[in-house]
Amino acid sequence: MNLRELPIGDRSPAKASGLEGVVVADTRLSHVDGERGELLIAGRRAEDLALEDPGHFETVVERLWEISTDAPQPALREPLAQARTAAFARVPQLTRALSLSDPMDALLASTAQGSAGSDALEVLGALSVYVAAGARLRLGQAPIAPDAKHSAAQAFMSMLGLPDDPSRARALDAYWTTVSDHGLNASTFAARVVASTGSDVMPCIVAALGALKGPLHGGAPGPVLDMLDATAGKEPRAWLEDELSAGRRIMGMGHRIYRVRDPRAFVFERALARLATEDRGKSAIASRLEHARHVEHAAQALLRERHPERPLCANVEFYTALLLEAVGIPRELFTATFAIGRCAGWLAHVEEQRHTGRLIRPAARYVGPMLPPTVPR
Ligand code: COA
């Protein structure tokens, strides 16, 4: 029997193929209000959390994990530093994985290979070591050992070979804090699906990393900088129109949930403005920021003309690009750097999901050929 001749199942379009609006979990970790453009992380407004002094990344990790475990967390600065030291000791066995040409592939492979059996703290500590060591190895340079006295942000910068700079470390802290959690985004969902099967921590994070690699999720900030470079010193409109005519999307614009400007864009703009005023040597940051605002306004206006039915505004990735560039992170590491911050939330969600004890197993509608009815025997 030729399958093509058989009747097919229901082919009416699936209603919510992107699962928009479908609630599959309860969480106390973060709340995204897409209409008002508000983001709460661990019960605090993202901007308050990220721009307070001293707003270290470790603090938001402690808060998120306190919520997910329902238990007070010890200060994590020292244990995280120890986790980095332990991960660095594994670098010599991971050089092949770490040297893969795509930094996200390298992070995926090294996490899978080097972090089997690790707990949440060990995985979180390992990510920044793997990202930095991979970057050095790809340049033919020796990895730099983490300094046990450093905070997470200072350690990451020093492992990348960047100079010690408290203002830039503070900007990286603000960045990681802001991206630490964001509702049930694709990578967090991926982590929760794997956690729901009873798997251990590392595979949950590997699944999340795989989801984050995609340009529709975490892979946009590098292309945003390419766009800023391509439009530098010019009116951006013609360039943006060419992109849309070629069927490409404007990177850093639009969001599944936000119908207004992403609140994280405001946080990064403020962090950048703070960095730009902190010393005169950073005036390049101020002019880059000005250009980015110009491109953002041009892109928003153009997208409003093309999609009057749907507000498409700057998302987190737009100013991520600028902030990470200002910190000194090479653009090919932007998504991997995002992963380090978001890993705090992934791990908290893994814990939260485990508490539910419920396997996530949705259904698919079959639209392939049906078999003929069987004759009862
Ligand atoms: N540039 C151009 N057009 C865009 C756009 C963008 N950045 N974002 C959305 N659109 C258009 C789509 O082409 C679509 O048009 P159509 O209905 O004529 O096909 C419409 O707006 C709706 O897009 P859709 O893909 O349904 O929205 P979504 O909620 O699934 O998309 C994103 C959300 C983030 C995936 C999307 O806005 C996007 O691709 N942005 C660029 C990549 C990016 O910045 N990613 C980082 C996200 S934080």
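Order of appearance sets the numbers: ligands from 1, and atoms from 1 within every ligand.
Distance check for atom 19 (O) of ligand 1: every protein heavy atom is found at 4.0 Å or beyond.
Between Leu303 and ligand 1, no N or O atom pair is found at a separation short of 3.5 Å. At least one N/O-N/O distance between Asn315 and ligand 1 falls below 3.5 Å. Taking distance alone, with nitrogen or oxygen atoms compared against 3.5 Å, Met253 approaches ligand 1 more closely than that limit. Residue His217 places no N or O, backbone or side chain, under 3.5 Å from any N or O of ligand 1. Residue contacts with ligand 1: Gly252 is placed with a nitrogen or oxygen under 3.5 Å of a nitrogen or oxygen of the ligand (distance criterion only). Any N or O atom pair closer than 3.5 Å counts here, and Glu317 shares no such pair with ligand 1.
Ranking protein heavy atoms by distance to atom 34 (C) of ligand 1, first place goes to Gly254 O, 3.7 Å. The protein atom (non-hydrogen) at minimum distance from atom 9 (C) of ligand 1 is Leu312 CD2, 3.6 Å. In terms of protein heavy-atom proximity, atom 42 (C) of ligand 1 is nearest to Met251 SD, 3.6 Å. When only non-hydrogen protein atoms are considered, atom 47 (C) of ligand 1 lies nearest to Leu216 O, 3.5 Å.
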Using atom types as modelled, flag every donor-acceptor pair under 3.5 Å from a side chain in residues 204-213 to any protein atom, sequence neighbours excluded.
unit_1	atom_1	unit_2	atom_2	d
Lys213	NZ	Asp105	OD1	2.9

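Counting all heavy atoms, side chain and backbone alike, His217 lies closest to Arg342 at CE1-NH1, 4.2 Å. For the residue pair Ser128 and Ile340, the shortest heavy atom distance occurs at CA-CD1, 3.6 Å.
Taking 4.0 Å as the cut-off between side-chain N and carboxylate O, Glu47 and Arg45 count as a salt-bridged pair.
Residues Ile41 and Ser180 form a side-chain contact, since some pair of their non-hydrogen atoms from C-beta on lies under 4.5 Å apart. Looking at heavy atoms from C-beta onward, Val316 lies out of side-chain contact with Tyr258 at the 4.5 angstrom threshold.
Annotation: cation-pi pair Arg261/Phe266 present, NZ/CZ under 6.0 Å from the ring centroid and within 45° of its normal.
Residue Arg249 holds the heavy atom nearest to atom 24 (P) of ligand 1 of all those in Arg264, Arg256, Arg249, His307. Distances from atom 7 (N) of ligand 1 to the heavy atoms of Val316, Ile250, Ile257 put Ile250 nearest.
Taking a cut-off of under 4.0 Å to the non-hydrogen atoms of Pro215, the atoms of ligand 1 that pass are 42 (C), 45 (N). Which parts of ligand 1 touch Leu244 is read off a 4.0 Å heavy-atom cut-off, strictly below it: atoms 2 (C).
The line from CZ of Phe318 to CG of Leu225 is 10.0 Å long, rounded to the nearest 0.5 Å.
Neither the backbone nor the side chain of Asp262 has any atom closer than 4.0 Å to an atom of ligand 1 (non-hydrogen atoms only). Residue Arg310 touches ligand 1 through its side chain alone, judged by heavy-atom distances below 4.0 Å.
Evaluation of the salt bridge (Lys or Arg N to Asp or Glu O under 4.0 Å) rule for Glu122 yields no partner, not counting sequence neighbours.
Between His255 and His182, the distance from one ring center to the other falls under 6.0 angstrom.
A donor-acceptor pair under 3.5 Å is absent between the side-chain atoms of Gln73 and the main chain of Arg63, judged by distance alone.
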